[in-house]
Amino acid sequence: MPELPEVEVTRRSFAERIEGALVTGIRLGAPLRWPLGCDPEMLRGFTVGQTQRRGKYLWMPLSAPAGGEGGGGLLMHLGMSGSLAFGESLGPPGRHDHVDVLTSRGILRLTDPRRFGAVVWSASMQHGMAAKLLASLGHEPFDPALTPQALHAALRRRRTSIKAALLAGDIVVGAGNIYACEALFGAGIDPRTRCDRISRPRAEALLREVRSTLSLALELGGSTLRDFRDAHGMNGEFQGQARVYGREGLPCVRCGAAVRRVVQGQRSTFFCPGCQRR
DNA sequence: CGGGACGCCTGTGAGC
DNA sequence: TGCTCACAGGCGTCCC
């Protein structure tokens with residue numbers, strides 16, 4: 001599920017409700033990508049702060065009880081198949097529920113069948129594992145510092161394909177496989193185009209499309225949050241909006257040409273050979 | 001160093 | 001029905 005819009009929608013769905021809650025315990029299920037990185041007992045009595053998002057990560061600050069030391073936070077990632085639920089009556093943890101943060105206001109629960117997700121303790125976003133994981137992230141897509149010129153300049157230094165660069169997330173974060181395909185379609189750029197061959201006006205168009213694609217998804221409440229049980233999670237609201245993703249062989253909504261699928265870096269890329277040019 | 005492949009896991013749908 | 005296979009919204013690590 002989780003590209004930037006889904007992660008942000010997730011954040012908004014629990015951040016205000018959990019802020020100020022007291023941690024009463026942590027329940028761990030099967031291991032995730034990395035170990036928690038601290039003794040779960042240590043977090044008892046900590047207060048939850050304002051949960052924020054960086055790229056596809058969520059950072060939930062935890063402050064130690066008055067006079068106590070060792071505050072920090074939990075860095076959370078949903079991987080490919082993760083989701084977070086927050087509520088008072090979630091029921092007993094199931095086979096894919098791997099972390100429960102028990103609080104005075106309810107349980108924050110990470111469910112993740114594939115276990116590519118993570119919940120990791122760090123002393124701050126600038127320390128430990130969090131710092132390491134966040135270090136190479138690019139601009140937030142809506143950061144005003146990310147200007148067309150800045151994007152163009154960054155692309156000029158790259159030889160890899162524009163699709164691969166978007167997915168890498170070290171120039172701009174947030175667009176995963178679906179939204180990268182959709183944004184490139186919107187901008188009329190062939191996903192196989194080398195970054196350093198993208199003109200300034202096209203970089204500008206791409207930035208505009210990355211932003212509008214992500215905002216639209218955000219407006220729609222993400223893609224599949226509501227109905228995540230479904231197979232590829234693609235039965236959500238964004239599926240109806242997708243113009244190329246998952247539409248191999250179907251006519252392009254703009255020009256009617258058959259949408260193509262190619263593989264780039266072991267990931268499917270969908271594009272319209274008629275509308276998208278190198 | 002940049003760039004690409006690999007591996008982590010489980011689940012699902014298609015095809016036989 | 002049951003098997004095998006391809007594929008899945010991410011990303012750190014390894015190797016060239």
Side-chain angles (χ1 to χ4, degrees), chain A residues 1-10 29-35 37 53-58 75-84 94-98 110-120 128-138 154-183 191-196 213-214 216-218 220-239 241-242 244-249 261-270:
Chain A
M1 153 214 337
E3 298 182 45
L4 183 146
E6 291 74 27
V7 174
E8 177 61 17
V9 165
T10 298
L32 290 166
R33 184 156 196 183
W34 298 289
R53 182 190 54 74
R54 173 72 175 104
K56 299 170 192 168
Y57 289 90
L58 290 178
L75 189 72
M76 304 182 279
H77 197 286
L78 302 180
M80 291 271 266
S81 56
S83 58
L84 281 169
R95 133 185 178 71
H96 297 308
D97 300 331
H98 308 303
L110 177 79
T111 305
D112 184 4
R114 289 175 77 178
R115 291 196 273 136
F116 290 173
V119 176
V120 176
M129 193 65 175
K132 200 173 140 189
L133 294 172
L134 300 174
S136 60
L137 296 188
L155 292 178
R156 264 192 327 213
R157 287 179 236 119
R158 290 281 198 107
R159 303 147 170 271
T160 188
S161 72
I162 183 62
K163 165 73 172 349
L166 286 176
L167 284 193
D170 51 359
I171 298 176
V172 52
V173 296
N177 208 28
I178 298 177
Y179 301 130
C181 289
E182 294 301 309
R192 300 166 297 181
T193 310
R194 275 173 51 147
C195 292
D196 58 0
T213 304
L214 294 176
L216 174 62
L218 213 40
L220 295 178
S223 300
T224 52
L225 278 183
R226 320 186 181 283
D227 211 352
F228 190 50
R229 310 286 276 168
D230 276 351
H232 310 282
M234 279 305 294
N235 286 337
E237 298 167 50
F238 196 85
Q239 187 184 28
Q241 306 290 322
V244 285
Y245 188 87
R247 302 194 72 243
E248 181 182 14
R261 183 178 82 95
V262 294
V263 175
Q264 292 179 282
Q266 290 97 248
R267 310 294 303 279
S268 287
T269 297
F270 299 88

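Per chain, numbering begins at 1; letters A, B, ... match sequence-line order. For the numbers below, each heavy atom of this structure counts, side chains included, while hydrogens, waters and symmetry mates do not.
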Starting from [atom2] on [N], measure out to [atom1] on [X] and report it in whole angstrom.
X	N	atom1	atom2	result
A:R115	C:dA8	CZ	C1'	17 Å
A:D170	B:dG4	CG	P	12 Å
A:L4	C:dC11	CG	P	10 Å
A:L166	C:dG10	CG	C1'	15 Å
A:L32	B:dC9	CG	P	11 Å
A:M129	C:dT13	CE	P	7 Å
A:R159	B:dG2	CZ	P	11 Å
A:L75	C:dG10	CG	C1'	14 Å

Between A:E3 (side chain only) and A:I178 (backbone N and O only), is there a donor and an acceptor less than 3.5 Å apart?
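Checking the backbone N and O of A:I178 against the side chain of A:E3, a donor-acceptor pair under 3.5 Å is found.
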Decide, applying a 5.5 Å centre-distance limit and a 30° plane-angle limit (both strict), whether A:F116 stacks on B:dC8.
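Stacking between A:F116 and B:dC8: present.
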Partner of A:N177 by side-chain contact (heavy atoms from CB on, under 4.5 Å), out of A:E182, A:M80, A:Q264, A:R267:
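Result for side-chain contact (heavy atoms from CB on, under 4.5 Å) with A:N177: A:R267.
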Just compare [options] and give me whichever is closest to any side-chain atom of [X].
X	options	answer
A:Y57	C:dG10, B:dT10, C:dG12	C:dG12
A:R95	B:dG11, C:dC7, C:dG10	B:dG11
A:S268	C:dC7, C:dG10, C:dT13	C:dC7
A:R33	B:dT10, C:dC11, B:dG4	C:dC11
A:Y245	C:dC11, C:dG12, C:dA8	C:dA8
A:M80	C:dA8, C:dC11, B:dC9	C:dA8
A:R261	C:dC11, C:dA8, C:dT13	C:dA8

Taking the nucleotide of DNA chain C with the nearest heavy atom to each, does A:K132 or A:A175 sit closer to the 5' end?
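The 5'-side residue here is A:A175.
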Can you tell me the pairing partner of C:dC5 across any strand shown, Watson-Crick or G-U wobble, with both distances under 3.5 angstrom?
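WC or wobble partner is B:dG13.
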At less than 3.5 Å, do the side-chain atoms of A:R267 and the base atoms of C:dA8 form a donor-acceptor pair?
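Answer is no: no donor-acceptor pair is held.
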Check: B:dC9 base within 3.5 Å donor-acceptor of A:R114 side chain
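Side chain to base: pair present.
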Assign A:L133 to base, sugar-phosphate, or nothing according to its heavy-atom contacts below 4.0 angstrom with the strands shown.
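If one applies the 4.0 Å heavy-atom cut-off, A:L133 turns out to touch the sugar-phosphate alone, with no base involved.
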Heavy atoms only, 4.0 Å cut-off, all strands: where does A:R194 land among base, sugar-phosphate and nothing?
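No contact.
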P atoms of B:dT12 and C:dC11, separation to the nearest Å
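Straight-line distance between the two P atoms is 23 Å.
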Quick check: do [X] and [Y] have side-chain heavy atoms less than 4.5 Å from each other?
X	Y	answer
A:E6	A:L78	no
A:R53	A:L4	yes
A:V173	A:R54	yes
A:V7	A:L58	yes

OP1 or OP2 of B:dC9 less than 4.0 angstrom from a side-chain nitrogen or oxygen of A:H96, does that happen here?
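It does not, given that no N or O in the side chain of A:H96 lies less than 4.0 Å from OP1 or OP2 of B:dC9.
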Is there a side-chain polar atom (N or O) of A:S81 under 4.0 Å from OP1 or OP2 of C:dG10?
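So the side-chain polar atoms of A:S81 never come under 4.0 Å of the phosphate oxygens OP1 or OP2 of C:dG10.
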Could you pick out which residue, A:R157 or A:Q266, lies toward the 5' side of DNA chain B when each is mapped onto its nearest nucleotide?
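Result of the comparison: A:R157.
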